[in-house]
**Student:** 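Next up is a structure, given as structure tokens.
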Amino acid sequence: MRHSHCLAQQTVLIATLLSITLLLHPAPLAGQKLNPEEFCSPLKNVAGYFSANFGEMRSNHFHSGIDFKTDGTEGKPVVAAADGYISRIFCSSGGYGRALYINHPNGTMSVYAHLQRFAPEIEAYFAQYRHRHSKNRVDISCDSTLFRVKQGEEIARSGNTGGSFGPHLHFEIRDLKTGRTLNPIAAKVIRPKDQIAPYLFRLHYVEVDTVRGVPIHSPARTYEIEKVENKSYRLKQKEPIKVGRNGYFILEASDRKDDVSNTFGIYRLRAYLDEERIFDYRMEGFRFDQTRYCNAVSHYPLQQGSRNEVLRLCRIDGNLKEFYSELKNDGIISLAPSARGELRLVAEDDCGNSSEVRVALIGKGEGESFRAKKDTLSRVVNRRQTFRHSEDNLHVTIPAGALYESVFYHQKRSSKPLRRDTSIVVLSPTYRVLESSIPLHKAIRVEIECFVPKELQPHVTLASRNRKGQLYRLGGKWEEGRVKGSISTLGDLFVAADTIAPRIGPQFKPEEDLSRSKRLTFKVSDNFSGIASLTAFIDGRWHPVDYHAIRGTASLDLEQIAPERRDHTLTLRLKDGCGNTAEWRGLFRR
């Protein structure tokens, strides 16, 4: 009996320890499915509107969460969406700004970004860590016993920090085991007001021919779409679309939600050829190492010039199959000459509203299909192999997997003059590597040989220009007679030097009494390469400074300064991306 009693006690103890282990260190589920009953809304005292949904197309990435509107203001209560513990405290001048991460017993993690400030206990711990390590950017991993939180408990106040263009809360749910971020609206964890079906705008058709193993895409032919009823659309033209032996379609569409003017991404897109489903794209989730695949899911050249989603209804070679639950012949459509068919496209949002368009098709006649011009001289960049090329003082390395499709290598000098900017010294010709319409999945290595005067060598960089002609820094440094760096997007490329220091403008008067002020703010800016680092000292002691690049402000929390004196010295030092420095020294009273 005693042995049985001890065994029972041991069983209870093991079960208790196992429960604690699962709570503090959960074993996440493979293929995590969200249970709406386990979560609550992460935001209180707001009207309940949204400005962005999960998985929508952004520049070179999918949007990894959903954005809650905070009624145009900061300081709304942010609460834990479920029980758990704070596993990470993060602060950066860009990206998520101030952010908290919570691990939950159900194998998920929730993320809360662009915060104004943390709850008092967390804020105090964060401030102490910052001072102890003398760092503005902070990334703290927290022990599971440090900050335990209950569902609905306030953890922060909403803000506008980091890469934010206006007050809002960015919210995510991730699978802890895989790091995969999940769609909380499609899983009905978050339920926006939405009775509006997606809007369909244009249909594009592209044919593909292969030359020496390189897929060549024809220019897109565009067809306007018009609404017939609330959820039904049709082509404006009456005649069937002529399709060739090897082509695919592209749909340009967007979504809306009730009571807001924002545009949202498409959650699901299906294609049926004569009612056989041949294509099914659905945005349920992705890992962060998969986020650049948005450049292959979309039609990159058209997406760059559109405010809508421009979704490619086929899978190109370098794209993942897991984004598609149905994929016949990779979405490629082929009709025999004069054969007829019907294409039906159904676009669905994350709240279950859908729109569709039916399109009559007819096969092109013999000899009408797209044929690419033969290219027997150019080198082939095989996307599965590393490619190296040196020509005209330009040295290029394209690693395996950097491209979504194999291409022919073309390089030229650009004859288009650069916008005149007397603050920038241009030191090389302007090169064009491949075409800017080609997306990169990985960065490529570029080196340009050119003469750089010794006094400019510490301030030199690779540079480019945007669509408006404005010059911007790409990065890189002078080394052994070359400027070397990596680039993640293609376009015009040249070497430039920047010798102009950043500008600092205090938003207070010299020796002003700031007794009633909580923060001290500067306007900061740079002519070209951007602010790379900021360092502040109050009364000779390092002091944290919060930089907001979009607003162009640097601010210091005055509530943290020593209370034993009224007159304080302040030094603020800035460095830009090309190594130029600026310093402001002065006094203030508090």
Side-chain angles (χ1 to χ4, degrees), residues 39-52 54 63-82 84-104 108-131 135-142 146-174 181 184 190 518-519 521 534 544-551 553-560:
F39 298 90
C40 71
S41 173
L43 199 59
K44 287 186 175 181
N45 302 341
V46 294
Y49 300 132
F50 298 82
S51 57
F54 180 85
H63 189 232
S64 57
I66 58 175
D67 290 347
F68 288 79
K69 285 178 177 282
T70 55
D71 304 338
T73 188
E74 299 183 39
K76 298 291 185 177
V78 177
V79 302
Y85 69 90
I86 292 174
S87 58
R88 185 180 180 191
I89 305 170
F90 182 80
C91 177
S92 173
S93 61
Y96 286 4
R98 286 190 174 208
L100 291 175
Y101 298 68
I102 299 178
N103 286 18
H104 305 291
T108 65
M109 169 194 285
S110 56
V111 183
Y112 313 75
H114 307 306
L115 303 172
Q116 180 193 68
R117 62 184 184 273
F118 307 127
E121 187 180 3
I122 304 169
E123 186 73 31
Y125 180 84
F126 161 75
Q128 290 171 6
Y129 184 97
R130 226 178 177 191
H131 276 279
K135 288 183 177 181
N136 292 317
R137 186 185 186 279
V138 169
D139 192 353
I140 309 170
S141 295
C142 299
L146 187 58
F147 296 113
R148 303 301 302 274
V149 293
K150 301 296 289 183
Q151 184 179 68
E153 179 182 344
E154 185 172 319
I155 57 172
R157 290 289 172 135
S158 67
N160 185 29
T161 57
S164 171
F165 288 89
H168 73 283
L169 173 70
H170 174 90
F171 175 70
E172 297 177 16
I173 299 178
R174 303 180 187 176
T181 184
I190 305 298
K518 293 184 177 181
R519 300 192 75 84
T521 303
L534 304 89
V545 54
D546 294 311
Y547 172 53
H548 195 295
I550 294 170
R551 292 198 297 259
T553 60
S555 62
L556 293 81
D557 184 353
L558 296 182
E559 295 181 310
Q560 298 182 33

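All values below were derived from every heavy atom in this structure, side-chain atoms included, with hydrogens, water molecules and symmetry-related copies excluded. Everything quoted here is computed from the prediction, not taken from an experiment.
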**Student:** Does some side-chain heavy atom of Pro544 sit less than 4.5 Å from a side-chain heavy atom of His131?
**Tutor:** yes
**Student:** Might you point out which heavy atoms bring Arg551 and His548 nearest each other, and give the distance in Å?
**Tutor:**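 Taking Arg551 first and His548 second, the nearest heavy atoms are N-ND1, 3.1 Å.
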**Student:** For Asp71 and Lys76: C-alpha separation, side-chain torsions, deciding distance, then whether side-chain contact (heavy atoms from CB on, under 4.5 Å) applies.
**Tutor:** CA-CA 9 Å; Asp71 304 338; Lys76 298 291 185 177; 3.9 Å; yes
**Student:** List the atom of Val545, the atom of Ala554, and the distance in Å for their closest heavy-atom pair.
**Tutor:** CG2-CB, 3.9 Å
**Student:** With heavy-atom distances below 4.5 Å as the criterion, would you say the side chains of His104 and Ile102 are in contact?
**Tutor:**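 Result yes, sub-4.5 Å side-chain heavy-atom pair found.
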**Student:** Which of these passes side-chain hydrogen bond (donor to acceptor under 3.5 Å, both in side chains) with Arg98: Gln116, His114, Glu123?
**Tutor:**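 Filter result, single survivor: Glu123.
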**Student:** Below 4.0 angstrom, N of the basic side chain to O of the carboxylate: do Asp546 and Arg117 qualify?
**Tutor:** no
**Student:** Taking atom CD of Glu121 as the centre, does the number of heavy atoms from other residues, nucleotides or ligands within less than 6.0 Å exceed 12?
**Tutor:** no
**Student:** Do you know the tightest heavy-atom contact between Arg519 and Ser555?
**Tutor:**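 Heavy atoms of Arg519 and Ser555 come nearest at NH2-OG, 3.2 Å.
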**Student:** Would a 4.5 Å heavy-atom cut-off, applied to side chains only, mark Tyr85 and Phe147 as touching?
**Tutor:** no
**Student:** Please name the residue in the list Phe68, Phe54, Phe39 that meets the side-chain contact (heavy atoms from CB on, under 4.5 Å) test with Ile190.
**Tutor:** Phe68
**Student:** Side-chain contact test, heavy atoms from C-beta onward, threshold under 4.5 Å: evaluate it for Ile89 versus Tyr129 and give yes or no.
**Tutor:**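 They are not in contact (no side-chain heavy atoms under 4.5 Å apart), so the answer is no.
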**Student:** Consider side-chain contact (heavy atoms from CB on, under 4.5 Å). Of Ile140, Leu146, Asn103, which one does Ser87 pass it with?
**Tutor:**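 Among the candidates, only Asn103 passes.
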**Student:** If you define the side chain from C-beta out and look only at heavy atoms, does anything of Arg88 sit under 4.5 Å from Cys142?
**Tutor:**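 Sidechains of Cys142 and Arg88: no contact.
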**Student:** Is there a side-chain contact between Ile173 and Thr181 in this structure, where contact means two heavy atoms from C-beta onward sitting under 4.5 Å apart?
**Tutor:** no
**Student:** Can you give me the closest heavy-atom contact between Thr161 and Leu115, atom names plus distance?
**Tutor:**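 Scanning both residues, the minimum pair turns out to be OG1-O, 2.9 Å.
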